[in-house]
Colleague: 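My questions all concern the structure below.
Residues take their numbers from the sequence shown, with the count starting at 1.
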Amino acid sequence: GIGTTSPSEHLTVTGNVSLNSTVYVRAGNVGIGTTGPQSLLEVAGGQIRINTTNGCSGACDKGDIAWNESNNKICVCVDTSNGWKSVTLS
């Protein structure tokens, strides 16, 4: 353990964490490019890349996000019953 004498996992860190000076964990929030993330995930100073492997079709889990590059749609999985909902970007 780091900062703890009784780790509950293979690696337990008590306190803040910094990885490679670009990824930070503060109070349960993860920051990429910021040392003080205000949300569960905050990305500063760059873009977020969404994988195109699913293509907005087939099985999905609620909250999944995908990009369909063949028709410029961003898709969000509503839930396993209703599947993907998409918006065309231009």
Side-chain angles (χ1 to χ4, degrees):
I2 300 171
T4 179
T5 57
S6 55
S8 59
E9 302 293 334
H10 290 294
L11 176 63
T12 298
V13 178
T14 300
N16 297 329
V17 177
S18 171
L19 304 171
N20 298 330
S21 300
T22 56
V23 179
Y24 300 88
V25 179
R26 300 278 187 269
N29 295 336
V30 175
I32 301 173
T34 177
T35 59
Q38 300 298 307
S39 299
L40 286 175
L41 175 61
E42 182 174 338
V43 178
Q47 297 83 19
I48 299 171
R49 183 176 192 103
I50 299 173
N51 199 326
T52 60
T53 56
N54 193 313
C56 308
S57 63
C60 62
D61 292 317
K62 185 176 183 177
D64 286 353
I65 300 173
W67 172 254
N68 188 333
E69 61 186 357
S70 67
N71 59 12
N72 293 330
K73 289 187 177 186
I74 190 164
C75 309
V76 177
C77 182
V78 178
D79 57 45
T80 54
S81 300
N82 294 305
W84 295 97
K85 300 297 180 191
S86 63
V87 174
T88 302
L89 303 176
S90 57

Colleague: Would you please test Tyr24 and Ile32 for side-chain contact (heavy atoms from CB on, under 4.5 Å) and show each step?
Modeller: CA-CA 6 Å; Tyr24 300 88; Ile32 301 173; over 6 Å; no

Colleague: Do the side chains of Leu89 and Ile65 join up, straight or via other hydrophobic residues, at under 4.5 Å, putting them in one cluster?
Modeller: yes

Colleague: For Pro37 and Arg26, which heavy atoms make the closest approach, and how far apart are they?
Modeller: CD-CG, 3.9 Å

Colleague: Can you check whether Trp67's main-chain N or O pairs, donor with acceptor, with Glu69's side chain at less than 3.5 Å?
Modeller: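 Here the side-chain-to-backbone pair does not exist.
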
Colleague: How close do Glu42 and Gly36 get, counting heavy atoms only, and between which atoms?
Modeller: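 Here Glu42 and Gly36 meet closest at OE1-O, 4.1 Å.
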
Colleague: Trp84 and Cys75: which non-hydrogen atoms are nearest, and at how many Å?
Modeller: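 Looking at all heavy atoms of both residues, the closest pair is CE3-CB, 3.5 Å.
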
Colleague: Can you give me the closest heavy-atom contact between Asn29 and Gln38, atom names plus distance?
Modeller: ND2-C, 3.7 Å

Colleague: Does the side chain of Asn71 reach to within under 4.5 Å of the side chain of Thr88, using non-hydrogen atoms?
Modeller: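 No, side chains not in contact.
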
Colleague: If Ile, Leu, Val, Met, Phe, Trp and Tyr residues are connected whenever their side-chain heavy atoms lie under 4.5 Å apart, and connections chain through other members, are Val25 and Val43 in the same group?
Modeller: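 Yes, one cluster joins them.
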
Colleague: So, Asp64 side chain and Asp61 main chain: donor-acceptor pair closer than 3.5 Å or not?
Modeller: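 Looks like yes, one N/O pair under 3.5 Å.
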
Colleague: To the nearest 0.5 Å, tell me how far Asn82 CG sits from Cys77 SG.
Modeller: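 Taking CG in Asn82 and SG in Cys77, the distance rounds to 8.5 Å.
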
